[in-house]
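Because the structure is predicted, anything quoted here is derived from the model rather than measured.
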Amino acid sequence: TEARLTFSGTGGGLIKQALVGIIAVICTLGLATPWFVCRVKRYVVINTHLIVDDQERGNFAFSGSAALLFWRFVVGWVFAIFTLGLAMPWLIVDIRKFLASNTRWSDEEGTWRGDFTGTGAEQFGINLSGWLFTVYTLGIFWSWWQVWAIRFSTNNLTYTQESNEA
């Protein structure tokens, strides 16, 4: 059995999402950012497909509400400003948790719900050490820092099957 993910989105489809979102964010002085984030995530999720033995299996869905994400942004930014940016990793992780927990994959056997298990402290450590090593090595370390960040994002993303009880 071979399983792989495919993406059916197009450049035109994504540019439409980006242009509408960027215009909205600029016109609202950033207040539309959560709406934009949810809009792009939904586009990516509905255009992602699981292929098992050359057959599409199930479908992905994103149910996140921009209104709920908005308040996370507000609280996160208040803390980030109050702490001179030191709380930013916790905001990043909170957004990842929101996006993951609102992403589901369903097929005839059930529904799987996403979760992000990383912590703000881990993100802070990656950011701090990445910045320090990159500056110290005059930019040479940047690639390794990005690998740390990608590994953190990927290794902490899980999917758990939800109950099938009626």
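- Both Val45 and Leu99 belong to a common hydrophobic cluster when Ile, Leu, Val, Met, Phe, Trp and Tyr are linked at side-chain heavy-atom distances under 4.5 angstrom.
- A distance of 10.0 Å separates OG1 of Thr48 from OH of Tyr43, quoted to the nearest 0.5 Å.
- Enclosure of atom CZ in Phe133 is not indicated, since only 12 or fewer non-hydrogen atoms of other residues, nucleotides or ligands lie within 6.0 angstrom.
- In terms of hydrophobic clustering, with Ile, Leu, Val, Met, Phe, Trp and Tyr side chains grouped at heavy-atom distances under 4.5 Å, Ile23 and Val25 are assigned to different clusters.
- Between the CZ atom in Phe116 and the CG atom in Asn155 there is a gap of 9.5 Å [rounded to 0.5 Å].
- Linking Ile, Leu, Val, Met, Phe, Trp and Tyr residues whenever their side-chain heavy atoms come within less than 4.5 Å leaves Leu132 and Val135 in two separate clusters.
- Looking at Asp53, its side chain does come within 3.5 Å of a backbone N or O of Glu2 through a donor-acceptor pair.
- Partner Val75 forms a side chain to side chain contact (heavy atoms under 4.5 Å, CB included) with one of Trp71, Phe79, Phe73 and no other, that one being Phe79.
- What you find for Gly76 and Leu91 is that their closest heavy atoms are CA-CD1, 3.7 Å.
- Taking all atoms of both residues into account, the shortest heavy-atom contact from Thr119 to Val93 is O-CG2, 3.5 Å.
- With rounding to the nearest 0.5 angstrom, the CD atom of Gln146 is 10.5 Å from the CD1 atom of Ile126.
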Margin query: Checking Val20 against Arg39 for the side-chain contact (heavy atoms from CB on, under 4.5 Å) test, could you report, in this order, the C-alpha distance in whole Å, the side-chain angles of both residues, the deciding distance, and whether it holds?
Written below: CA-CA 10 Å; Val20 169; Arg39 182 179 172 99; 3.9 Å; yes
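- Interatomic distance, Arg104 CZ to Thr160 OG1, rounded to the nearest 0.5 Å: 11.0 Å.
- Annotation for Phe7: atom CZ counts as buried by contact number, over 12 foreign heavy atoms lying within 6.0 Å.
- In this structure, the side chains of Leu31 and Phe70 come closer than 4.5 Å at one or more pairs of heavy atoms.
- When every heavy atom of Phe62 is checked against every heavy atom of Thr103, the shortest pair comes out as CD1-OG1, 3.6 Å.
- Other residues, nucleotides and ligands contribute only 12 or fewer heavy atoms inside 6.0 Å of the CH2 atom of Trp77.
- Using the six-membered ring where Trp is involved, Trp105 and Phe60 have ring planes that are tilted, between 30° and 60° apart.
- Side-chain contact between Leu69 and Ile95: present, with at least one pair of heavy atoms (C-beta onward) separated by less than 4.5 Å.
- Counting heavy-atom neighbours within 6.0 Å of Trp148 CH2, excluding the residue itself, gives a total above 12.
- Between Phe98 and Cys38, the closest side-chain pair of non-hydrogen atoms falls below 4.5 Å.
- Within 6.0 Å of atom CZ in Arg151, 12 or fewer heavy atoms from other residues, nucleotides or ligands are found, so the atom counts as exposed in its surroundings.
- Within the model, atoms CZ of Arg113 and OG1 of Thr158 stand 9.0 Å from one another, a figure rounded to the nearest 0.5 Å.
- With Thr117 contributing its side chain and Asn156 its backbone, the two residues share a donor-acceptor pair below 3.5 Å.
- Rounded to the nearest 0.5 Å, atoms CE (Met88) and CZ (Phe124) are 13.5 Å apart.
- Inter-residue side-chain proximity for Leu50 and Leu5 is flagged as met; some heavy-atom pair is nearer than 4.5 Å.
- Pairs engaging residues 83-100 under the salt bridge (Lys or Arg N to Asp or Glu O under 4.0 Å) rule: Arg72-Asp94 [sequence neighbours left out].
- Gln17 contributes no side-chain N or O that, together with a main-chain N or O of Arg42, makes up a donor-acceptor pair within less than 3.5 Å.
- Proximity of a side-chain donor or acceptor of Arg57 to a complementary backbone N or O of Asp54 within less than 3.5 Å is not detected.
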